[in-house]
Amino acid sequence: MKNMKKIIVKLNNRSYPIFIGKNILSNKSLLSGINERNFAIVTNRKIKSLHLTKIKNSLVKKNKIILSDGEKYKNQESTNKIYNYLLKNKYSRDSCLVAFGGGVIGDITGYAAATYQRGINFIQIPTTLLSMVDSSVGGKTGINHPLGKNMIGAFHQPIAVIIDTEILKSLPKRQFNAGMAEVIKYGIIKDKVFFDWISKNKEKINKQDSESIIKIVKKSCEIKANIVSLDEKEKNIRALLNLGHTFGHAIENYLGYGKWLHGEAIACGFLIAASVAIQNNTMNIADYNKIKSLLKDFNLPTKLPKNINIEKLFKIMLLDKKVKNNEMVYVLPKNIGQAYITNKITKNIVIKALKDHVK
Ligand code: GLY
């Protein structure tokens, strides 16, 4: 198809394509190579009414499982809803789920696919910028537990990811900006040229110029696909993708899931991580300021809410999956374009970085 980009996530016999383009959901032949017979689409009411008719292949006639919308529904109950539907309708092992929605739908659907009858296939059709550039790629699936975000889950790769950037036109601006946090993250951890390109083209991106959007989605997916190919199960470099996430997850949990969007929480987390790095003598203030300024260009928070209890926030951070042998593991920027992983950061340094970011 003209104007459609294709990236392969290389994972030997589990390799899969990411298709990116404008209006590609109307391409009838997109899934013609996939021979699963029993598809079921998992989505929510809003996405169904806004976008389902855009899918022009036979998928659209398939069965739908409608979940409630929002991070607070990323739980066991929603997963059970999928299992119930599949069991009642006698879906067998050769079935395929299709996650049609944002990160919440993608993560729950992937987890249900990973666990239903010990694992069935699934396809990701992400509908938010954040899920297009991050959560739909790489096979992290899961749900939240009352004691922590994404605490229950599995690595389970999709068999294809289909990204139709036209869908972003109806995405609320706040959600778009939250997705930009993950895009900016790729620049910080891996690609200074990309970071500078985003800074230079921020107006075009903010206006959702088609070419610029395809460029940032493609570049982000390329960086992520490359990292996932090298380290699927996060034994080493995949952890770089967690920049700002230890802080961000704690902020989300502290405030109550959904109060701040994930992208907003990790954006503030990038700056806290950068501030830890400055104290650790591995980053300079000029780079910190460049990151801060770019986050502001996309209206992302650079400070924690007033009156936040830092000790309580720190305790929540200790629940994060990034604790290894009782030591907190941090991802810190070295400069724009490079990041590193360390377990050698004292609590005092982290508390100071947190305090310096309270409004
Ligand atoms: N969102 C981080 C990862 O997929 O590893």
Side-chain angles (χ1 to χ4, degrees), residues 13-14 16-19 24-128 131-132 135-145 150-164 167:
N13 61 349
R14 288 172 301 111
Y16 57 94
I18 307 171
F19 300 105
I24 60 172
L25 284 180
S26 61
N27 178 356
K28 290 197 173 97
S29 63
L30 200 59
L31 294 177
S32 54
I34 295 169
N35 59 13
E36 252 77 14
R37 276 162 296 138
N38 298 322
F39 282 101
I41 300 181
V42 184
T43 190
N44 63 41
R45 225 156 248 113
K46 205 157 77 200
I47 302 291
K48 179 174 177 260
S49 62
L50 276 174
H51 300 301
L52 199 68
T53 53
K54 293 195 174 87
I55 305 181
K56 296 285 188 238
N57 56 35
S58 57
L59 257 187
V60 79
K61 296 194 196 80
K62 298 292 174 182
N63 302 324
K64 286 138 210 115
I65 304 168
I66 309 293
L67 301 183
S68 301
D69 188 18
E71 184 75 32
K72 65 174 186 269
Y73 298 104
K74 192 170 135 179
N75 55 24
Q76 196 62 54
E77 210 181 314
S78 299
T79 319
N80 279 339
K81 228 172 152 176
I82 302 178
Y83 297 148
N84 291 344
Y85 182 92
L86 298 177
L87 286 168
K88 276 188 194 148
N89 292 285
K90 303 200 170 12
Y91 275 76
S92 58
R93 269 217 177 130
D94 62 354
S95 310
C96 181
L97 291 176
V98 179
F100 189 39
V104 172
I105 293 285
D107 283 9
I108 304 173
T109 307
Y111 180 55
T115 45
Y116 182 71
Q117 300 197 359
R118 300 199 177 87
I120 60 172
N121 282 338
F122 82 115
I123 293 170
Q124 290 270 18
I125 309 184
T127 58
T128 61
S131 56
M132 289 176 184
S135 58
S136 69
V137 174
K140 275 192 182 175
T141 74
I143 54 176
N144 298 332
H145 185 276
N150 294 336
M151 281 293 154
I152 314 296
F155 285 98
H156 186 57
Q157 300 293 340
I159 56 168
V161 182
I162 301 168
I163 302 178
D164 188 334
I167 284 188

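For clarity, every value in this text was computed on a predicted model and none was experimentally measured. Starting from 1, each residue takes its place in the sequence as its number.
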Determine which pairs satisfy ring-ring contact (aromatic ring centres under 6.0 Å, His included) with at least one residue from residues 98-121, sequence neighbours left out, and list them in order.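 Listed once each, the pairs would be none.
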Tell me if a side-chain donor or acceptor on [X] pairs with a main-chain N or O of [Y] at a distance below 3.5 Å.
X: Asn150; Y: Asn144; answer: no
X: Ser68; Y: Tyr73; answer: no
X: Ser95; Y: Phe39; answer: no
X: Asn75; Y: Glu77; answer: yes

Just list the side-chain donor-acceptor pairs under 3.5 Å for residues 80-88, sequence neighbours left out, or say none.
unit_1: Lys81; atom_1: NZ; unit_2: Ile66; atom_2: O; d: 3.1
unit_1: Tyr83; atom_1: OH; unit_2: Thr115; atom_2: OG1; d: 2.6
unit_1: Asn84; atom_1: ND2; unit_2: Asn80; atom_2: O; d: 3.3

Any pair with a residue in residues 105-124 that passes salt bridge (Lys or Arg N to Asp or Glu O under 4.0 Å), sequence neighbours left out, goes on the list, sorted by first then second residue, please.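 For residues 105-124, and leaving out neighbouring residues, the salt bridge (Lys or Arg N to Asp or Glu O under 4.0 Å) pairs sorted by first residue read Lys74-Asp107.
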How would you list, by chain and number, every residue that makes a side chain to side chain donor-acceptor pair (under 3.5 Å) with Thr127, sequence neighbours excluded?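 In terms of side chain to side chain donor-acceptor pair (under 3.5 Å), with neighbours along the sequence ignored, Thr127 is linked to no residue.
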Please name all residues satisfying side chain to side chain donor-acceptor pair (under 3.5 Å) with Thr43, sequence neighbours left out, ordered by chain then number.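 So Thr43 forms no side chain to side chain donor-acceptor pair (under 3.5 Å) with any residue.
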Write down the atom of Gln117, the atom of Arg93, and the distance for their closest heavy-atom approach.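 Looking at all heavy atoms of both residues, the closest pair is O-NE, 2.8 Å.
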Smallest separation among heavy atoms of Ala154 and Ala114, with atom names: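 It is CB-CB, 4.0 Å.
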If you look only at distance, which donor and acceptor atoms sit under 3.5 Å apart when one is on a side chain in residues 155-162 and the other is two or more places apart or in another chain?
unit_1: His156; atom_1: NE2; unit_2: Ile120; atom_2: O; d: 2.7
unit_1: Gln157; atom_1: OE1; unit_2: Tyr16; atom_2: OH; d: 2.6
unit_1: Gln157; atom_1: OE1; unit_2: Gly139; atom_2: N; d: 3.2
unit_1: Gln157; atom_1: NE2; unit_2: Gly138; atom_2: O; d: 2.8
unit_1: Gln157; atom_1: NE2; unit_2: Glu232; atom_2: OE2; d: 3.1

